[in-house]
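Owing to the predicted nature of the structure, the values given are computational and were not obtained by experimental measurement.
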Amino acid sequence: MTDSKYFTTTKKGEIFELKAELNSDKKEKKKEAVKKVIASMTVGKDVSALFPDVVNCMQTDNLELKKLVYLYLMNYAKSQPDMAIMAVNTFVKDCEDPNPLIRALAVRTMGCIRVDKITEYLCEPLRKCLKDEDPYVRKTAAVCVAKLHDINAQLVEDQGFLDTLKDLISDSNPMVVANAVAALSEIAESHPNSNLLDLNPQTINKLLTALNECTEWGQIFILDCLANYTPRDDRESQSICERVTPRLSHANSAVVLSAVKVLMKFMEMLPKDLDYYGTLLKKLAPPLVTLLSAEPELQYVALRNINLIVQRRPEILKHEMKVFFVKYNDPIYVKLEKLDIMIRLASQANIAQVLAELKEYATEVDVDFVRKAVRAIGRCAIKVEQSAERCVSTLLDLIQTKVNYVVQEAIVVIKDIFRKYPNKYESVIATLCENLDSLDEPEARAAMIWIVGEYAERIDNADELLESFLEGFHDESTQVQLQLLTGIVKLFLKKPTETQELVQQVLSLATQDSDNPDLRDRGYIYWRLLSTDPVAAKEVVLAEKPLISEETDLIEPTLLEELICHIGTLASVYHKPPSAFVEGSRGVQHKRLPGSSVESPEPASAAVPEASPSIIPSQGDLLGDLLNLDLTPPTSTAAPPPTSGLQMGAMDLLGGGLDSLVRPRVLVSSQMWLPAMKGKGLEISGTFARRSGVIQMEMTLTNKAMSVMTDFAIQFNRNSFGLAPAGPLQVLTPLSPNQSIEVSLPLNTLGPIMKMDPLNNLQVAVKNNIDVFYFSCQYPMSVLFSEDGKMESKVFLVTWKDIPNDNETQCQIKDCHLNSDAASNKLQGSNVFTIAKRTVEGQDMLYQSLKLTNGIWVLAELKVQTGSPVFTVSISTKVPWRSRHGQQSDSVVPP
């Protein structure tokens, strides 16, 4: 009879009867009762009232009954913590049972009972199980440590369980090693500062030895751990690769992908002229190809990972093009992914094969797939110049089919081909114009208008064609309206006498009859350009256009490197870093490939805990920040004052500090932060300012792509002064192609803190509907000077005397032609306040104070010699530095 009988009952006093059965003297009846309780619990009935009765059943030698009771205990211990303590004695007893299965069962259940009250009682049994003679018990106990650490990290550290876990890496049993690695990795992810997995050549050797003998999931744990290790040199890297390579032939696809991840990372350290490097490339291809013979879902995961690998190292699969040809019974998600990889692998050697396949796909019944296939032909033309003519010929053949959606997609990609190869394939324009009436999709209509406007001088009836679009101007989408406005203005500039009425009509429709601000603004700009300076209008509107890039959809290099380090995980399927989709990703670390030269969006160094104290600059750094000038030792022959062992900041960190304060005021120019090439068409430039006590990040966003950008958002990485957006990034309207918008983002200093290098470095992530983009910029330290930085003169005097000499630093400002009063006024405009002034032997002494946003007071003495362009500055701060060598101080107490 099956167990279904336990899920059906007709009894009315069910709980009462179960209670009686649980207290029965008959073992079989007791077991049946516990099964009924578990069945009721499974279907959602509340059987917590039976807790003491079920716990009493723990005292049994029957393994099946004990498993059922432990299952019940795990489910209800959280809601009945006081009752759960009753089970502690049984756990302790079971951990000493002669049967290793019962010992392991007890320790596993202990880890699953998430009740603070009883965790301390479980430490001793866990300690015994970690040193148990049976490897099955040890491996179970290793995982229990990670679970216990999640409940009470401090307890685990105090009891020395972490050291025991580290010792288990040297265990003789490979499964114990694998579980110890898995537990330590889990703990290390949530506590990046802990440095638990101190990987060294000896440890790596032990892991590689265990790799050959443990189960497939144990192999995955070990391979993932190996991927976090950075070899000392290319010889060690090659040695590890040789020992990991056999995993490529494993039957489990997860093991294969984890092995690929390790090899992809360690290949970065191998010289490309090494024979082994070429051998490794050849060995990587077969396992990846084999993954494509699995079920469609596994194929998709494999293809998403292969997409990343091909972007990083296309040579691995350059001879395997046929594997990615689409099969008739492939699901659409597999077809589209294969199509993308085919284009990435397309080269002069295989383009004929690829085009023949793509032309075949364009006759399929699936509309979405056909559209992608037609676009793929255009992408091939742009990528492989030698194939462009053949691609255009293929597209013309497809246009002759007169299938509406095929024609429209073909016109869109031909426009891109014209952009890539100007004045080369314009002979096909006549064929395109024949299909004008069949265009009903905005993107295709806009592409056709662009072609007519761009090549108006070659099309006899260009005015008639554009006029036909103008008839339903207000019914068109914004994209078409903007393109039509520009197209007619281009036509007018090329044929002014024939199209004067047409251009007046479109300008009137755009400026007077339209509610769209983008369209209206562009209309007014064209109108004023044409009416005031037609020559300038011609230079602007008919300017030479930049050639479009070959691969506009490549993943940004920094992100690609991080995703390569996450091959075989969800990040490699989503093509997003873990921090983008893991909630509360406090422990998510941004991984990098060894030897990478790409600027990281987030530092690879260990993150500082959230509750860390405020970061302050070393005196040398602050000095450079304040002065932004050539820092040289003072001319005094006295020995320079000591610097508390702190490294002096040779680099100027406070751009726009006293340089702009002491010298004549100049407008702070905007800096380029994200070039369009790195931002997939999004260009960001900007600057920082402080207004009315609020730090502002002023940005200009420019869309240099061919599609509309929406859904903007911004996020900062941890930084030295906790700078964070005070609100969302306000981009209220979609950013159309070639449009710019100015945005002012207010900032606060309430964000998480981590010391940066340089100190004023800010790492920013900007998201839109296309992708997430990363860039770094540096803010002037003067924006951190608060308005309440004027210290009372008596307090200043006492504070100045209290500051140790070790905390004082001197430097000189050269080439500054200001008297002391002018310098004081300039500095006060940026919240550097003069407290007192005195004159000694013809030298003015200004005593000044400023306060940083993190509450740190800085005192300064500025010496100005009449007639001399050299100022001497002494900077002091009353900060108890507890650390050395430029490290973050453990405690910063503002005076």
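- With respect to the salt-bridge test (charged N to carboxylate O, under 4.0 angstrom), the residues D416 and K420 do not qualify.
- For the residue pair A388 and Y421, the shortest heavy atom distance occurs at CB-CE1, 3.6 Å.
- In this structure, P534 and F492 have side chains that are not in contact, with every pair of non-hydrogen atoms separated by 4.5 Å or more.
- E698 and T687 are not linked by any side-chain donor-acceptor pair at a separation below 3.5 angstrom, with hydrogens and angles left out of the test.
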Exercise for review: Start with the C-alpha gap between N703 and E683, add the side-chain angles, then the distance that decides, and say whether side chain to side chain donor-acceptor pair (under 3.5 Å) holds.
Suggested key: CA-CA 6 Å; N703 181 359; E683 182 179 280; over 6 Å; no

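- No side-chain N or O of N719 forms a donor-acceptor pair with one of N761 less than 3.5 Å apart.
- Scored by the ring-ring contact (aromatic ring centres under 6.0 Å, His included) test, F716 finds no partners at all (sequence neighbours excluded).
- In this structure, a donor-acceptor pair under 3.5 Å is present between the side chains of S572 and N305.
- In terms of heavy-atom proximity, A381 sits nearest to S387 at CA-OG, 4.2 Å.
- Under 4.0 Å is where a charged nitrogen must lie from a carboxylate oxygen, and between E556 and K680 no such pair does.
- Every residue was checked against the ring-ring contact (aromatic ring centres under 6.0 Å, His included) condition with Y405, not counting sequence neighbours, and none meets it.
- A salt bridge links E441 with R371: the distance from a Lys NZ or Arg NE/NH1/NH2 to an Asp or Glu carboxylate oxygen falls below 4.0 Å.
- In summary, K767 and D711 do not engage in a salt bridge, as defined by a charged side-chain N under 4.0 Å from a carboxylate O.
- Looking at D366 and K372, no side-chain N of the basic residue comes within less than 4.0 Å of a carboxylate O on the acidic one, giving no salt bridge.
- Evaluation of the salt bridge (Lys or Arg N to Asp or Glu O under 4.0 Å) test over residues 473-502, restricted to residues two or more places apart or in two chains, returns R445-E476, E454-K490, E457-K494.
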Exercise for review: Kindly determine whether F369 and Y361 satisfy ring-ring contact (aromatic ring centres under 6.0 Å, His included), including the steps that lead there.
Suggested key: CA-CA 8 Å; F369 181 54; Y361 300 159; 5.3 Å; yes

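- Judged by distance alone, the side chains of N350 and K318 never bring a donor and an acceptor atom under 3.5 Å apart.
- The distance between the ring centers of W673 and Y779 does not fall below 6.0 angstrom.
- No more than 12 heavy atoms of other residues, nucleotides or ligands sit less than 6.0 Å from atom CD of E360.
- Atom CD of Q386 is surrounded by more than 12 heavy atoms from other residues, nucleotides or ligands within 6.0 Å.
- Between R375 and E443, at least one side-chain nitrogen of the basic residue sits less than 4.0 Å from a carboxylate oxygen of the acidic one, meeting the salt-bridge criterion.
- Residues D518 and Q739 have side chains that bring a donor and an acceptor to within less than 3.5 angstrom of each other.
- Looking only at atom types and distance, the side chain of E337 has no donor-acceptor partner in the side chain of Y333 under 3.5 Å away.
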Review point. Hey, mind stepping through D330 and K338 against salt bridge (charged side-chain N to carboxylate O under 4.0 Å, His left out) and telling me if it holds?
Key: CA-CA 10 Å; D330 280 340; K338 283 185 173 179; 2.9 Å; yes

